[in-house]
Enquirer: 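I have a structure I would like to understand better, so I am pasting it below and will then ask my questions one at a time.
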Amino acid sequence: MKKIKSDFLAGFGATCIITCLAYLQAFTSENLWLMAPFGATAVLVFGLPDSPLARAKNVIFGHLITTAIGLVFLYFFGVTPITLGVATGLGIFSMLITKTTHPPAGANPILVMMTHQTWFFLINPVLIGAVSIVVVAHFYNRLRKINILNNIS
């Protein structure tokens, strides 16, 4: 029963942050606040918060690095099957070499290039969204560790 409650709380935490970002997007239609890789990020930061892949540094810099690579390829090399592959591979290499590996961020170069994003995408949704997820997850997981959320029946 304890495992089910813990899993439920992880899902609830993810629900909270994704819902908040979705509402921000709904009320400010000119700004993006969400991107699909954030769903996978939520799995790690709420479901496996002790994983090295869920560290704040990995979440934030993994998303920033791979998005920047996607933008560079989009604007300087264009979108072709080879540039999609090379940008993704370079993103993975860059996360590994900088010790900021965050698997959901591996999708960012593809997302950026396929949707023809602007440089502002690096700030919003990537930086603001990643920081928001990390901050909410940090406080939420602290509450879980000190059993405030676990004591709710």
Side-chain angles (χ1 to χ4, degrees), residues 1-71 73-74 84-115 117 120-153:
M1 186 66 169
K2 185 177 180 181
K3 174 77 169 118
I4 292 172
K5 189 180 232 182
S6 177
D7 293 348
F8 173 79
L9 290 172
F12 184 74
T15 298
C16 292
I17 188 59
I18 297 299
T19 300
C20 287
L21 293 172
Y23 268 118
L24 285 169
Q25 185 156 329
F27 292 126
T28 58
S29 58
E30 65 277 352
N31 288 330
L32 286 175
W33 293 90
L34 274 176
M35 59 180 194
F38 284 167
T41 293
V43 172
L44 289 171
V45 300
F46 290 100
L48 301 166
D50 296 326
S51 167
L53 304 174
R55 290 184 192 135
K57 172 186 87 160
N58 294 53
V59 172
I60 295 166
F61 289 106
H63 279 298
L64 284 174
I65 289 167
T66 57
T67 300
I69 289 168
L71 287 164
F73 271 78
L74 173 64
L84 284 163
V86 172
T88 302
L90 185 59
I92 293 167
F93 168 76
S94 298
M95 286 190 293
L96 290 168
I97 201 160
T98 60
K99 298 186 182 350
T100 59
T101 305
H102 183 64
N108 291 355
I110 299 167
L111 171 66
V112 165
M113 294 170 73
M114 296 298 292
T115 59
Q117 294 299 325
F120 186 71
F121 191 80
L122 195 58
I123 304 302
N124 195 31
V126 176
L127 178 61
I128 293 172
V131 169
S132 297
I133 292 169
V134 164
V135 168
V136 169
H138 171 76
F139 287 110
Y140 189 83
N141 289 322
R142 294 275 300 163
L143 291 175
R144 284 176 63 189
K145 282 186 179 175
I146 61 174
N147 288 324
I148 289 177
L149 293 176
N150 291 335
N151 291 331
I152 299 171
S153 310

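This chain uses plain numbering: 1 for the first residue, then up along the sequence.
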Enquirer: Of the non-hydrogen atoms in M113 and A87, which two are nearest, and what is the gap between them?
Expert: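 So the minimum-distance heavy-atom pair works out to SD-CB, 3.7 Å.
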Enquirer: For the pair N58 (side chain) and A54 (backbone), establish whether a donor and an acceptor sit closer than 3.5 Å, ignoring hydrogens and angles.
Expert: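 Judged by distance alone, no pair lies under 3.5 Å.
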Enquirer: Identify the heavy atoms of L34 and L21 that sit nearest to each other, and give their distance.
Expert: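 Taking L34 first and L21 second, the nearest heavy atoms are CD2-CB, 3.6 Å.
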Enquirer: Look up atom CD1 in I65 and atom CG in L96, then write down how far apart they are to the nearest 0.5 Å.
Expert: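 Reported value, rounded in 0.5 Å steps: 10.5 Å.
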Enquirer: Is the side chain of Y140 donor-acceptor paired with the backbone N or O of A14 at a distance under 3.5 Å, no angle test?
Expert: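 Pair absent, no side-chain N/O of Y140 close to backbone of A14.
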Enquirer: Going by the rule side chain to side chain contact (heavy atoms under 4.5 Å, CB included), which residues pair with N124 if we only count those two or more places apart in sequence or in a different chain?
Expert: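 Only N31, W33, F120, I128 meet the side chain to side chain contact (heavy atoms under 4.5 Å, CB included) criterion with N124.
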Enquirer: Does some side-chain heavy atom of P37 sit less than 4.5 Å from a side-chain heavy atom of L111?
Expert: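 A side-chain contact under 4.5 Å exists here.
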Enquirer: Compare all side-chain heavy atoms of I17 with those of F38 and state whether any distance is below 4.5 angstrom.
Expert: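 No; the side chains remain at least 4.5 Å from each other.
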Enquirer: On a heavy-atom basis, which atom in R144 and which in S6 lie closest, and how many Å separate them?
Expert: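 Scanning both residues, the minimum pair turns out to be NH2-OG, 2.9 Å.
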Enquirer: Considering the options N108, L127, V112, T67, which one meets the side-chain contact (heavy atoms from CB on, under 4.5 Å) requirement together with L122?
Expert: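 Of N108, L127, V112, T67, side-chain contact (heavy atoms from CB on, under 4.5 Å) with L122 is met by T67 alone.
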Enquirer: For residues 39-48, which residue pairs qualify under side chain to side chain donor-acceptor pair (under 3.5 Å), counting only residues two or more places apart or in two chains?
Expert: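 Every side chain to side chain donor-acceptor pair (under 3.5 Å) pair that includes a residue of residues 39-48, provided the two are not neighbours, is T41-H63, T41-H102.
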Enquirer: What is the distance from atom NZ of K99 to atom CZ of R55, rounded to the nearest 0.5 Å?
Expert: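 Going from the NZ atom of K99 to the CZ atom of R55 covers 11.0 Å.
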Enquirer: First locate atom CG of L32, then atom CD1 of I123, and finally report the distance between them rounded to the nearest 0.5 Å.
Expert: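 L32 atom CG to I123 atom CD1 measures 13.5 Å (nearest 0.5 Å).
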Enquirer: With rounding to the nearest 0.5 angstrom, report the CG to CD1 distance, L64 to I69.
Expert: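 Going from CG on L64 over to CD1 on I69, the span is 11.0 Å.
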Enquirer: Would you find a donor on one side and an acceptor on the other, under 3.5 Å apart, between the side chain of T66 and the backbone of P109?
Expert: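 No: the side chain of T66 does not pair with the backbone of P109.
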Enquirer: Which value, rounded to the nearest 0.5 Å, describes the distance between T19 atom OG1 and L24 atom CG?
Expert: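 Answer for the OG1-CG pair, T19 versus L24, is 11.0 Å.
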Enquirer: How about F61: does its CZ atom have over 12 heavy atoms from other parts shown lying under 6.0 Å from it?
Expert: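 Count not over threshold, so no.
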Enquirer: Under the side chain to side chain donor-acceptor pair (under 3.5 Å) rule, what pairs show up with a residue in residues 88-98, not counting sequence neighbours?
Expert: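 For residues 88-98: T98-T100.
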Enquirer: Can you tell me how far the CZ atom of F73 sits from the CG atom of L90, to the nearest 0.5 Å?
Expert: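 It is 5.5 Å, given to the nearest 0.5 Å.
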Enquirer: Please determine whether side-chain contact (heavy atoms from CB on, under 4.5 Å) holds for the pair F46 and V136, giving the CA-CA distance in whole Å, both sets of side-chain angles, and the decisive distance to 0.1 Å.
Expert: CA-CA 10 Å; F46 290 100; V136 169; 4.1 Å; yes
